[in-house]
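For reference, the structure is listed below as structure tokens.
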Amino acid sequence: MKGIVFSFKKPRPLANRPRISLPNLAQTAKKNGVTLLFAVLLLAGLALGAAYARSAGDGMLQSLDFLFTTNLDSRLSKGALGVFCACFASDFIFITAVYLLGTAPWGLPFQLFTVLFKGFGTGLTAAYLIIKNGLNGLGFYLLVLLPGTFLFCVALTGFSAAAFRFSIRQFRLMISAEPPECGMRESVLRYSSRFVSALIMTFLAALLDTVLWTLFAKAFW
């Protein structure tokens, strides 16, 4: 009978194995520095809003309900269409404000404030729900509000970085005596296409909010 011979490949020497190198953090930070700046601003606003929630009055919270979810009784009384319109309208205001500010050379500081204010309202909403309703508020925020909020915040920070760069370009063109390297029409179209992509993500975030709100909101109250 013929013997069956099993042959195994010899393991490669450690010196010849491909090395797994960690990403260059400095290069990554430099490449995505503007996006990281807006992410830090958003988180800073979130922390400020959470700290302010304990001293916020009911009147102020009700007045901010158009921009943030601070009046649950009003939202719960609406149907799915009303919830979608409320969620989309508030996010639409922020993303459109960033777009318009990006077209202005003087819009840089206002873009920073817009993202900071969005973070403030997000932190205010989360902390207010937890303070007022305890575990029910925490569960409601994590299950119902957080997924759509996170998706929109990703869209907002990414598009804010594009708006920041476009605004800087506008400022450089304003103070420069040389004509631009490429036509303004092409750059505006590119910038507007980024805005449309951000709007699509905003729409999906509002749709996700509506689905989760319709399915689970009443289970917590």
Side-chain angles (χ1 to χ4, degrees), residues 32 35-98 112-161 197-221:
N32 304 298
T35 305
L36 291 175
L37 170 65
F38 281 104
V40 170
L41 274 175
L42 190 72
L43 292 174
L46 192 149
L48 290 173
Y52 181 74
R54 191 173 295 275
S55 59
D58 293 338
M60 178 185 177
L61 292 171
Q62 290 180 4
S63 64
L64 290 176
D65 185 59
F66 182 71
L67 295 175
F68 312 106
T69 309
T70 54
N71 189 349
L72 292 179
D73 294 333
S74 175
R75 297 289 179 99
L76 288 171
S77 63
K78 298 177 180 178
L81 181 60
V83 172
F84 174 82
C85 291
C87 295
F88 182 76
S90 61
D91 292 343
F92 178 81
I93 290 174
F94 281 98
I95 206 76
T96 304
V98 171
L112 300 175
F113 175 78
T114 300
V115 176
L116 182 68
F117 185 61
K118 174 60 180 177
F120 176 85
T122 302
L124 178 66
T125 300
Y128 175 73
L129 286 173
I130 296 171
I131 292 171
K132 185 177 180 180
N133 303 288
L135 291 178
N136 275 353
L138 176 62
F140 177 80
Y141 186 81
L142 292 177
L143 182 61
V144 178
L145 295 182
L146 183 59
T149 300
F150 178 79
L151 181 60
F152 174 71
C153 287
V154 170
L156 181 64
T157 52
F159 180 67
S160 295
S197 299
L199 274 181
I200 293 174
M201 288 190 68
T202 302
F203 176 86
L204 294 176
L207 188 62
L208 180 59
D209 273 337
T210 304
V211 171
L212 294 177
W213 196 289
T214 304
L215 292 177
F216 303 111
K218 294 183 179 180
F220 292 91
W221 315 111

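The residues of the chain are indexed from 1 along the displayed sequence.
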Can a donor-acceptor pair be found, under 3.5 Å and without considering hydrogens, that links the side chain of Ser90 to the backbone of Cys87?
yes
Please report the shortest heavy-atom distance between [X] and [Y], naming the atom on each side.
X	Y	answer
Leu112	Leu37	CD2-CD2, 4.2 Å
Val115	Ser160	CG2-OG, 3.4 Å
Phe88	Leu199	CE1-O, 4.4 Å
Ala127	Ala53	CB-CB, 3.5 Å
Ala161	Thr35	CB-OG1, 3.4 Å

With sequence neighbours excluded, residues passing ring pair (Phe, Tyr, Trp, His ring centres under 6.0 Å) with Tyr141:
none
Aromatic ring centroids of Phe92 and Phe152 under 6.0 Å?
no
My understanding is that only one of Thr114, Thr202, Ile95 makes a side-chain contact (heavy atoms from CB on, under 4.5 Å) with Leu156; could you say which?
Ile95
Out of the candidates Thr122, Leu208, Asp91, only one should pair with Thr149 under the side-chain contact (heavy atoms from CB on, under 4.5 Å) rule; please name it.
Thr122
Distance check, rounded to the nearest 0.5 Å: [X] atom [atom1] versus [Y] atom [atom2]?
X	Y	atom1	atom2	result
Tyr128	Ile131	OH	CD1	9.5 Å
Lys118	Leu41	NZ	CG	15.0 Å
Asn136	Ile130	CG	CD1	11.5 Å
Phe94	Cys153	CZ	SG	9.5 Å
Thr210	Leu215	OG1	CG	10.5 Å

Contacts of type salt bridge (Lys or Arg N to Asp or Glu O under 4.0 Å), residue Asp209, not counting sequence neighbours
none
Plane angle bin for Phe120 and Tyr52 - parallel if under 30°, tilted between 30 and 60°, otherwise perpendicular:
tilted
Given the rule in the side-chain contact (heavy atoms from CB on, under 4.5 Å) test, do Phe140 and Asn133 qualify, once you have shown the distances and angles that lead to the verdict?
CA-CA 9 Å; Phe140 177 80; Asn133 303 288; over 6 Å; no
